[in-house]
Every structure is written in C-alpha cells, then in structure tokens.
Engineer: 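What follows is a single structure, and I will ask about it in a moment.
This structure is a prediction, so every number in the text was calculated from the model and none was measured.
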Number of protein chains: 2
Amino acid sequence: MNTTIGWEFYRSFLGVLKEGSLSGAARALGITQPTAGRHIAALEQALGVALFTRSQVGLMPTEIALALRPYAEAMESTAASLERTASSHGEGVRGVVRVSASDVIGVEVLPPVIARLRDRHPDLKVELVLTDRIHDLLRREADIAVRMMRPDQGQLVARRIGQIELGLHARKDYLARHGEPRTVAELASHSVIGYDQPSAFVRKTEKSVHGFSRDMFSLRTDNNLAQLALIRGGAGIGFCQVPIARRDDSLARVLARKFSLQLETWVTMHEDLRNSPRCRTTFDALVEGLQQYVA
Amino acid sequence: MNTTIGWEFYRSFLGVLKEGSLSGAARALGITQPTAGRHIAALEQALGVALFTRSQVGLMPTEIALALRPYAEAMESTAASLERTASSHGEGVRGVVRVSASDVIGVEVLPPVIARLRDRHPDLKVELVLTDRIHDLLRREADIAVRMMRPDQGQLVARRIGQIELGLHARKDYLARHGEPRTVAELASHSVIGYDQPSAFVRKTEKSVHGFSRDMFSLRTDNNLAQLALIRGGAGIGFCQVPIARRDDSLARVLARKFSLQLETWVTMHEDLRNSPRCRTTFDALVEGLQQYVA
DNA sequence: TACCTGCTATACATTTATGCATGAACACGA
DNA sequence: TCGTGTTCATGCATAAATGTATAGCAGGTA
C-alpha cells in the first residue's frame, strides 16, 4: 500500500505534459533536461508503463499518460493550496487568496472590489484566475469562485448574489449611422457580435427568442472581452451585462424587451476555508462588491 | 506562482504527523531519522512557519501543521489513486481497485461478492477499506464506496440498491432464558446492546420509537461488528441488519413492529472512473451482489 | 547544400542529499 | 538510583542525484 514512488517524479511528469518536451519541462521547473529525462524514466519503470514516446522534436504522451494527468494536476493544486494556507499564518488577514471568475467579471467588476480589499488588508495577496471553465473548488484550483450558476455540489459555502441581466447593446453613434432595429428580423441587416462556437448561451437564446439564430452573428468571437470591446468600439450590436453598459453613456440598449437574459450569480468557497481569515474576508468583500454591482 | 518546494517534503511532513516522531516517520517511509529531520527543517524554512515543537519524546504538531495536514493527505491519496490507475493499464480487467464500505457490509456481505469478482478477473486486486467515516470519493480516498445514504454531491456515478432493514434481534436461547419482550418498556429489564457514543442512529431511533432511550443500553460499543458478535453470542438484544440475521437460524427478531429502520443503500463512484474497466466492473459486481443481498 | 535551432541521449565531474555512528536528554520501570 | 529504551541533534563518509558538456538527429531556411 505504501509505495515508494517519489512525489517529485510527478512534478516532472506534469511538467513534461505541460511543456511537451524534457527541455521545456526542465526550464519550467528549474532543473536540467537530463534530470527531467531521468525522472520520467524512473517513473515509467516504477509504474511499469510507457508514459511518452520519445522523438527528436519532443515527447508525445501515451494514452496512459493522459489518463494520469488529472491526478498529477490535482497534486499540484493541492500543493499550491497548502502553500497558500501556510502563507496566511499570523495575526490578521494575510497570505495569498486565489479567486476564480469569468474574464468579464474579473476585468470589469472585480478590480475596484479587490483594490478596496487590499487597501484594508495590505498583507493580503490576491491571485485572480480568469476563466470560463468551472474551476473546481473541490480540487482546490481556487479558494473562492464567482460563478454564473447555482453550485450543485455539497461541501461548499455559497452565497447568491442575484441576477445579472444580459442584453443587446451598441454604441449610440453606431445606431445613429445604421438605425436602431425595432424587431428581431431587422437584426439581420446589422453587424451582430456573437459567439463563434455554438455555446449553451446561444442555444438558450435561440429557444427563448423567436426568430433568433446563430447565423445572425456577423462578428464572431468566443472571447467575451473582445465582444465587449467590439461593442464599445462601435463595431456593431452585441450582448453585454446591463450594469456594465449603464456605466458608459455612449452605449444604448437595443430590443430590451426581446433580449433579456438573467445570469444567476453566486460566490462560492470550500467549506473548509470558512474559518480561514483570508478567505472569509475575501469572500465577504466579493459578496458585498458584487451585490453593489448588481444593484 | 510556481514555487520550488519539493513535494517529497510533504511526504515526510505527513509521515511525522502520522507517526508523531521523526524516527517513526523514518521507519514508516523507509528513510532515516536525520533525513526526516532535515526534510521537516527544510519545509519549515520554505514555508516560513514552525510546524512542530521538538522534544525528546517526539514532535508536537503546531496549529498550522494540523491545518496543513488535510492537504498533505489529499496529495497522498491522489498519488495512490494515480498508481492504481496506472496499475490497470493493459487488456481486460486488471490493476488495483479500492473499495470503501462499512465494517458490517465489508465483513458480512462483500466477501462472497469479491470472491466471485476475483474469480472472474484474476488480475484484479481489491483493496477493502472498512470504515464508517464517509470516505470522500472526491478526495480519491477510494475508487468506489458503499454508502448508507444518498450521495449529495455531483460528479458521482451513483446507483441505488434499495433499503436494508435494521431491526432488533437476539439468540433464540437467550429469549428462552429471559423471555421475549412484548413492549418497548419491557426492554428495560433486558440486556440491550447498543452504542457507546450518542450517534445519529440513536437520535433517529429515539425520535421514531416512543419510550426508547440510550439509557436502555446495558452493553455499549461503537463497533458494529462487536454488537453483531454479542448478539450471536447470546449476550442480549441488539440491532442488526435483517438479511444478516435471516441467514442464522439461531437468531430471532424482537419487537419487529416497533423497531424497523431502513438504511438507504447506494454504490457510488467518481464519474471520471466510469470508463475505467477495473472500476466499472467492480462497480457492477458490487451493485449486483448487494441487490441480491437486499432481495 | 550548408547552417541554424530545436530536441534527446550519453559520459563524466560535481554537488547534494542520504545514511551511519555517536552523544545527550528525557521517560519509565526495576 | 540506576539501567533501559525512547527520542532528537550533530559530524563525517558515502552514495545518489544533479549539472555540464557534447554528440547525434530532425526540421526549417537562406
């Protein structure tokens, strides 16, 4: 049961998976290429499986290596999480807290919230992970997450913020030049900014708004920040969060009655962290800041 | 962000926490005491916190060390889980699968199920973890768990087996000697086998059965197997699973109408393991075996 | 073709970590 | 009170892991 495989090997293994080569992993991990190679060789022997097929251009992971990757990643996030916990030792709110949020929230909403938080607690360091992927709190990839859906898992402390409304917007001068669409059908003659890959969002909208389809998008990107920037740049009509648009006088809402989607917003945290001052304080600050944003 | 703390140190750290001393950890890990000491010293310096207070009788963990322990344990179970996954590589059902269950189920019900499973798949090794503690599948402490409650967490493959009935039983010769109780009140003059620490089970029973209280227990143990053994040994009247008692002609049920508790039984597995032959096969075998047991 | 840049693999020197032996401090029991 | 069995800490020799340097191969580019 108590095997003797060094945990260091798993680090190198993960490094090679991430970088695609022994040399790259060595650079990333601060070791040398022969050492990385030896680690992989030792791990392969210990596990009794071939993890990579070697070539002169790098190392190709085998099927097994890909299957093992999530475990190595879990170990990595756990180690990082351990270090964050250790960093918070001492009086008051201090250490490193890791917050996950969508890119739009992270760029448009959180900065002042975090600034105020850091103002009050200078010893607190904040790591911001901006991704739409549901960062699994249970796997310790982040301490706190701002999510656009109700958390379905137990073991989480969750606070509902409310609903953020999503609507179609455009620059006023764009509308002045191209006219303002009064019906869904009229959208077809406009530059509509939307998603590239068909997403859950698109499917939901297609169901709720009659006459709407993905084909209407003439400017397509999956990057929400780029969509927002395109709207602000006057490139066309696109979706953005209503509270964000309201802050900008040059933006106007379009077809408000037809297009209105509500995003359930939650702040979540692993319940183990409830008694950690750094996480508790950050959690409360995020809840407060987001509530103000929604209101 | 990419820190440079060696993962090996966390192993030694966990070893010292488990064993309570450098020497003990060294023995357990197959290293020497000076090495273990150096690992702890290096880790303390790297984290910048004191993990243990040294003494000649061993090392006392500090508060921080205790807070960090769950993380180290998570890394350990993840590493073990990785090795199990690697062990299953190859054709057919092979490798190591780790099953968690309560001690009673593990001792009374699973052996023939596992025997049949291993008969069909000789390359499959089975680790049986018998504990009442909810082994967290999400933390990879086991691959598959037999639980007596509905799983509340997502990300799990769960199959409901049905309800296992729990009732009062005693040996027939005990009842012949002491008489069979006809009412709850009459139990007071009997040797009732029950729990030492007040458990959720007791509270539930006290609510559902009028006149019942923990004070009635004159033989107390928290070990379910010991309770079962006491019943079989004719020491008194106690709770056990009805299907188990039915297999034994010398046992009789007591106050069947008054005392009947249903245990929701589920077999659960992490959804990532659904496509792993060793886990899938074991899961199916457990479901089948338990369904037969319940029926 | 020749050259550059990336990669892996190997041979050898060196640093690093480990093990061994020992000493000192404490707890427990005769 | 004195031995016995723990423990942790330290100095030193050794083994083990690492780094350095180099060779060899593949792919792209002038």
Engineer: Starting from C1' on D:dT14, measure out to CD1 on B:I31 and report it in whole angstrom.
Structural biologist: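 Going from B:I31 (CD1) to D:dT14 (C1'), I get 18 Å.
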
Engineer: Taking only the side-chain heavy atoms of A:P34 (C-beta and beyond), determine which of C:dG19, C:dA27, C:dT10 contains the nearest atom.
Structural biologist: C:dT10

Engineer: Without hydrogens or angle criteria, can the side chains of B:T35 and B:T32 be said to hold a donor-acceptor pair below 3.5 Å?
Structural biologist: yes

Engineer: Could you check whether A:N224 and A:D132, counting side-chain N and O atoms only, form a donor-acceptor pair closer than 3.5 Å?
Structural biologist: yes

Engineer: Just checking A:S23: base, sugar-phosphate only, or nothing, at a heavy-atom cut-off of under 4.0 Å?
Structural biologist: base

Engineer: Consider salt bridge (charged side-chain N to carboxylate O under 4.0 Å, His left out). Of B:R98, B:R274, B:R280, B:R84, which one does B:D143 pass it with?
Structural biologist: B:R84

Engineer: Calculate the interatomic distance between B:F52 atom CZ and D:dT7 atom P; express it in whole Å.
Structural biologist: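 So the CZ-P distance, B:F52 to D:dT7, works out to 15 Å.
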
Engineer: Counting just side-chain N and O atoms, does B:R38 come under 4.0 Å of either OP1 or OP2 of C:dT18?
Structural biologist: no

Engineer: Closest to the B:L22 side chain: D:dC8, C:dT18, C:dC7?
Structural biologist: D:dC8

Engineer: The test is salt bridge (Lys or Arg N to Asp or Glu O under 4.0 Å); show your working for B:R140 and B:D272 and say whether it passes.
Structural biologist: CA-CA 11 Å; B:R140 314 268 184 191; B:D272 292 355; 3.2 Å; yes

Engineer: Can you measure A:I40 atom CD1 to D:dA17 atom C1' for me and round it to whole angstrom units?
Structural biologist: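 These atoms are roughly 16 Å apart.
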
Engineer: Would you say a side-chain N or O of B:T35 is under 4.0 Å from OP1 or OP2 of C:dG19?
Structural biologist: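 So the side chain of B:T35 is within the cut-off, an N or O lying under 4.0 Å from OP1 or OP2 of C:dG19.
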
Engineer: Provide, to the nearest angstrom, the distance between the CD atom belonging to A:Q33 and the C1' atom belonging to D:dT18.
Structural biologist: 12 Å

Engineer: Ignoring the backbone of B:T32, work out which of D:dG19, C:dC20, C:dA27 is nearest its side chain.
Structural biologist: C:dC20

Engineer: Could you check how far CE of A:M60 sits from P of C:dC7, rounded to whole Å?
Structural biologist: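 Computing the A:M60:CE to C:dC7:P distance gives 16 Å.
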
Engineer: Given C:dT8, D:dC8, C:dC20, which nucleotide is nearest the side-chain atoms of A:L59?
Structural biologist: C:dT8

Engineer: Is the distance from OP1 or OP2 of C:dA17 to the nearest side-chain N or O of B:H39 less than 4.0 Å?
Structural biologist: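 Indeed not, no polar side-chain atom of B:H39 lies that close.
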
Engineer: Locate the shortest heavy-atom distance separating B:E108 from B:P111; write the atom from each residue and the value.
Structural biologist: C-CD, 4.3 Å

Engineer: Under 4.0 Å from OP1 or OP2 of C:dC7: is there any side-chain N or O of A:S21 that close?
Structural biologist: yes

Engineer: Give A:G58 one of three labels, base, sugar-phosphate or nothing, depending on what nucleic acid heavy atoms sit under 4.0 Å from its own.
Structural biologist: sugar-phosphate

Engineer: Whether A:R27 contacts C:dC7 is assessed here as follows: a side-chain N or O lying under 4.0 Å from the phosphate OP1 or OP2. Is that the case?
Structural biologist: yes

